[in-house]
Amino acid sequence: MNLVAATIERVIASTSDEFAVVLRTAEKTFLIFVGHAEAFAIFRELKGTRSRRPLPHDLMASVLRGFEIDVGRVAISSIVDSTFCATLLLRQAPAVGEARRELRLDLRASDAMILALKSGRELFVTEAVLSQVEDVSELLGSADDADESGFEGGLGL
(Lines give C-alpha, C1' and ligand atoms only; values in the text may rest on other atoms or scores of the structure.)
Protein backbone atom coordinates (compact mmCIF):
# COMPACT_ATOMS: atom_id res chain seq x y z
CA MET A 1 0.00 0.00 0.00
CA ASN A 2 1.67 3.22 -1.20
CA LEU A 3 0.99 6.15 1.12
CA VAL A 4 1.07 9.88 0.45
CA ALA A 5 1.24 12.49 3.22
CA ALA A 6 -1.85 14.69 3.54
CA THR A 7 -2.60 17.86 5.46
CA ILE A 8 -5.97 18.71 6.94
CA GLU A 9 -6.37 22.35 5.97
CA ARG A 10 -9.79 23.50 7.06
CA VAL A 11 -13.46 22.68 7.46
CA ILE A 12 -16.12 24.22 5.20
CA ALA A 13 -19.84 24.36 5.92
CA SER A 14 -21.68 22.57 3.13
CA THR A 15 -25.27 22.04 4.28
CA SER A 16 -26.98 22.32 7.64
CA ASP A 17 -25.90 18.82 8.63
CA GLU A 18 -22.84 18.17 6.46
CA PHE A 19 -19.40 19.73 6.31
CA ALA A 20 -16.42 19.32 3.99
CA VAL A 21 -12.92 18.75 5.33
CA VAL A 22 -10.28 20.04 2.94
CA LEU A 23 -7.29 17.71 2.58
CA ARG A 24 -4.19 18.59 0.58
CA THR A 25 -1.42 16.39 -0.75
CA ALA A 26 1.45 17.41 -3.01
CA GLU A 27 -0.59 16.03 -5.90
CA LYS A 28 -4.12 17.33 -5.28
CA THR A 29 -6.62 18.86 -2.90
CA PHE A 30 -9.83 16.99 -2.17
CA LEU A 31 -12.85 16.97 0.13
CA ILE A 32 -14.23 14.48 2.60
CA PHE A 33 -17.74 15.17 3.85
CA VAL A 34 -18.39 14.64 7.56
CA GLY A 35 -21.17 15.20 10.06
CA HIS A 36 -21.65 18.13 12.41
CA ALA A 37 -20.01 16.60 15.50
CA GLU A 38 -16.98 15.39 13.58
CA ALA A 39 -16.56 18.74 11.82
CA PHE A 40 -16.53 20.58 15.14
CA ALA A 41 -14.06 18.08 16.62
CA ILE A 42 -11.71 18.53 13.64
CA PHE A 43 -12.09 22.30 13.82
CA ARG A 44 -11.30 22.32 17.56
CA GLU A 45 -8.17 20.25 16.97
CA LEU A 46 -7.03 22.50 14.13
CA LYS A 47 -7.41 25.53 16.39
CA GLY A 48 -6.01 23.83 19.49
CA THR A 49 -9.09 24.51 21.60
CA ARG A 50 -10.60 22.13 24.11
CA SER A 51 -14.14 21.53 25.25
CA ARG A 52 -15.09 21.97 28.90
CA ARG A 53 -15.79 18.26 29.27
CA PRO A 54 -14.17 15.33 27.44
CA LEU A 55 -15.80 14.37 24.16
CA PRO A 56 -15.70 10.83 22.70
CA HIS A 57 -12.42 11.40 20.85
CA ASP A 58 -10.89 12.90 24.00
CA LEU A 59 -11.94 9.78 25.88
CA MET A 60 -10.39 7.54 23.24
CA ALA A 61 -7.11 9.47 23.36
CA SER A 62 -7.08 9.23 27.16
CA VAL A 63 -7.67 5.48 27.11
CA LEU A 64 -4.85 5.00 24.60
CA ARG A 65 -2.47 7.07 26.75
CA GLY A 66 -3.58 5.27 29.91
CA PHE A 67 -2.66 1.89 28.46
CA GLU A 68 0.53 3.30 26.90
CA ILE A 69 -0.72 2.70 23.37
CA ASP A 70 0.73 4.91 20.66
CA VAL A 71 -0.97 5.87 17.43
CA GLY A 72 1.51 4.53 14.89
CA ARG A 73 0.03 5.47 11.55
CA VAL A 74 -3.26 6.93 10.35
CA ALA A 75 -4.26 6.44 6.73
CA ILE A 76 -7.32 7.06 4.64
CA SER A 77 -7.09 3.71 2.95
CA SER A 78 -10.05 3.12 0.64
CA ILE A 79 -13.36 4.30 -0.70
CA VAL A 80 -16.19 1.76 -0.40
CA ASP A 81 -19.63 2.63 -1.77
CA SER A 82 -18.69 6.34 -1.84
CA THR A 83 -17.59 6.20 1.81
CA PHE A 84 -14.02 7.01 2.86
CA CYS A 85 -12.52 4.31 5.08
CA ALA A 86 -9.41 4.59 7.18
CA THR A 87 -6.90 2.36 8.90
CA LEU A 88 -5.40 3.09 12.30
CA LEU A 89 -2.22 1.35 13.44
CA LEU A 90 -1.88 1.17 17.22
CA ARG A 91 1.29 0.07 19.01
CA GLN A 92 1.76 -0.93 22.61
CA ALA A 93 5.21 -1.09 24.13
CA PRO A 94 6.07 -4.67 24.98
CA ALA A 95 6.58 -5.93 28.49
CA VAL A 96 10.03 -7.35 29.16
CA GLY A 97 10.55 -10.44 27.05
CA GLU A 98 7.44 -9.88 24.90
CA ALA A 99 7.12 -8.88 21.28
CA ARG A 100 5.77 -5.47 20.35
CA ARG A 101 1.99 -5.51 20.10
CA GLU A 102 0.35 -3.92 17.09
CA LEU A 103 -3.25 -3.67 16.09
CA ARG A 104 -4.78 -2.40 12.86
CA LEU A 105 -8.31 -1.03 13.08
CA ASP A 106 -10.78 -0.05 10.40
CA LEU A 107 -12.54 3.24 11.20
CA ARG A 108 -14.34 6.19 9.69
CA ALA A 109 -12.13 8.71 7.92
CA SER A 110 -13.50 11.49 10.16
CA ASP A 111 -12.45 9.61 13.31
CA ALA A 112 -9.04 8.91 11.77
CA MET A 113 -8.51 12.61 11.04
CA ILE A 114 -9.44 13.58 14.60
CA LEU A 115 -7.15 10.95 16.13
CA ALA A 116 -4.28 11.98 13.85
CA LEU A 117 -4.69 15.59 14.96
CA LYS A 118 -5.06 14.62 18.66
CA SER A 119 -1.98 12.41 18.61
CA GLY A 120 0.16 14.76 16.51
CA ARG A 121 0.57 12.08 13.86
CA GLU A 122 0.80 12.70 10.16
CA LEU A 123 -2.22 11.69 8.11
CA PHE A 124 -1.66 9.59 5.02
CA VAL A 125 -3.80 8.76 2.01
CA THR A 126 -3.31 5.74 -0.22
CA GLU A 127 -2.54 6.28 -3.89
CA ALA A 128 -5.66 4.22 -4.63
CA VAL A 129 -7.79 6.82 -2.83
CA LEU A 130 -6.01 9.71 -4.55
CA SER A 131 -6.72 8.16 -7.94
CA GLN A 132 -10.47 8.20 -7.14
CA VAL A 133 -10.93 11.72 -5.74
CA GLU A 134 -11.51 14.91 -7.65
CA ASP A 135 -8.87 17.64 -7.40
CA VAL A 136 -10.67 20.74 -6.13
CA SER A 137 -7.60 22.98 -5.92
CA GLU A 138 -8.85 25.45 -8.50
CA LEU A 139 -12.37 25.47 -7.06
CA LEU A 140 -11.17 26.32 -3.57
CA GLY A 141 -8.24 28.56 -4.33
CA SER A 142 -5.45 28.54 -1.81
CA ALA A 143 -5.89 27.82 1.89
CA ASP A 144 -5.10 31.50 2.47
CA ASP A 145 -8.55 32.34 1.14
CA ALA A 146 -10.15 30.83 4.26
CA ASP A 147 -11.32 33.21 6.92
CA GLU A 148 -9.22 33.62 10.05
CA SER A 149 -11.07 30.91 11.94
CA GLY A 150 -10.22 28.21 9.36
CA PHE A 151 -13.95 27.47 9.18
CA GLU A 152 -15.79 28.78 6.17
CA GLY A 153 -19.49 29.24 5.77
CA GLY A 154 -20.48 31.93 8.23
CA LEU A 155 -21.44 29.65 11.09
CA GLY A 156 -19.95 31.92 13.73
CA LEU A 157 -17.64 29.30 15.12
Run the numbers on Val21 and Ile8 for side chain to side chain contact (heavy atoms under 4.5 Å, CB included), then give the verdict. CA-CA 7 Å; Val21 179; Ile8 302 167; 3.6 Å; yes

Quick one: list whatever passes side chain to side chain contact (heavy atoms under 4.5 Å, CB included) with [X], sequence neighbours left out.
{"X": "Ala5", "result": "Glu122, Phe124"}
{"X": "Ser78", "result": "Val80, Cys85"}
{"X": "Ser131", "result": "none"}
{"X": "Leu115", "result": "Met60, Leu88, Leu107"}

Counting N and O atoms only, with roles assigned by atom type, does the side chain of Gln92 sit under 3.5 Å from a partner on the main chain of Phe67, one being a donor and the other an acceptor?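 At least one qualifying donor-acceptor pair exists.
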
Taking only residues two or more places apart in sequence or in another chain, which ones pass salt bridge (charged side-chain N to carboxylate O under 4.0 Å, His left out) with Lys118?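 So Lys118 forms a salt bridge (charged side-chain N to carboxylate O under 4.0 Å, His left out) with Glu45, Asp58.
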
Listed partners of Glu127 passing salt bridge (charged side-chain N to carboxylate O under 4.0 Å, His left out), at least two apart: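 If we apply the salt bridge (charged side-chain N to carboxylate O under 4.0 Å, His left out) test to Glu127, skipping adjacent residues, there are no hits.
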
Can you tell me how far the [atom1] atom of [X] sits from the [atom2] atom of [Y], to the nearest 0.5 Å?
{"X": "Thr87", "Y": "Leu105", "atom1": "OG1", "atom2": "CG", "answer": "9.0 Å"}
{"X": "Thr49", "Y": "Arg44", "atom1": "OG1", "atom2": "CZ", "answer": "6.5 Å"}
{"X": "Ile114", "Y": "Ile42", "atom1": "CD1", "atom2": "CD1", "answer": "4.5 Å"}
{"X": "Phe84", "Y": "Arg108", "atom1": "CZ", "atom2": "CZ", "answer": "14.5 Å"}
{"X": "Phe30", "Y": "Gln132", "atom1": "CZ", "atom2": "CD", "answer": "11.0 Å"}
{"X": "Ser119", "Y": "His57", "atom1": "OG", "atom2": "NE2", "answer": "12.0 Å"}

With a 4.5 Å cut-off on side-chain heavy-atom distances among I, L, V, M, F, W and Y, is there a chain of contacts connecting [X] to [Y]?
{"X": "Leu103", "Y": "Leu89", "result": "no"}
{"X": "Leu55", "Y": "Leu117", "result": "no"}
{"X": "Ile76", "Y": "Leu46", "result": "yes"}

Considering non-hydrogen atoms only, spot the tightest contact between [X] and [Y] and give its length.
{"X": "Ala112", "Y": "Val74", "result": "O-CG1, 3.3 Å"}
{"X": "Thr126", "Y": "Ser77", "result": "OG1-O, 3.2 Å"}
{"X": "Phe33", "Y": "Ala20", "result": "CE2-CB, 3.6 Å"}
{"X": "Ser110", "Y": "Val34", "result": "CB-CG1, 3.6 Å"}
{"X": "Asp135", "Y": "Glu27", "result": "OD2-O, 4.0 Å"}
{"X": "Ala109", "Y": "Ile32", "result": "CB-CD1, 4.3 Å"}

Would you say the side chains of Arg24 and Thr29 form a donor-acceptor pair under 3.5 Å?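 Yes, side-chain donor-acceptor contact under 3.5 Å.
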
Non-neighbouring partners of Thr25 that pass side-chain hydrogen bond (donor to acceptor under 3.5 Å, both in side chains), sequence neighbours left out: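 Per chain and number, Thr25 pairs via side-chain hydrogen bond (donor to acceptor under 3.5 Å, both in side chains) with no residue.
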
Are the side chains of Val133 and Ile79 in touch, meaning some heavy atoms are under 4.5 Å apart?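 Touching, per the 4.5 Å side-chain cut-off.
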
Which pairs pass salt bridge (charged side-chain N to carboxylate O under 4.0 Å, His left out) with one or both residues in residues 80-99, sequence neighbours excluded?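 Applying salt bridge (charged side-chain N to carboxylate O under 4.0 Å, His left out) to every pair that reaches into residues 80-99, excluding sequence neighbours, yields Arg91-Glu102, Glu98-Arg101.
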
With Leu123, which of Leu3, Leu23, Thr7, Val4 fulfils side chain to side chain contact (heavy atoms under 4.5 Å, CB included)?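 Among the candidates, only Leu23 passes.
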
Got a sec, which pairs hit side-chain hydrogen bond (donor to acceptor under 3.5 Å, both in side chains) with one end in residues 63-73, sequence neighbours left out?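 For residues 63-73: Ser62-Arg65.
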
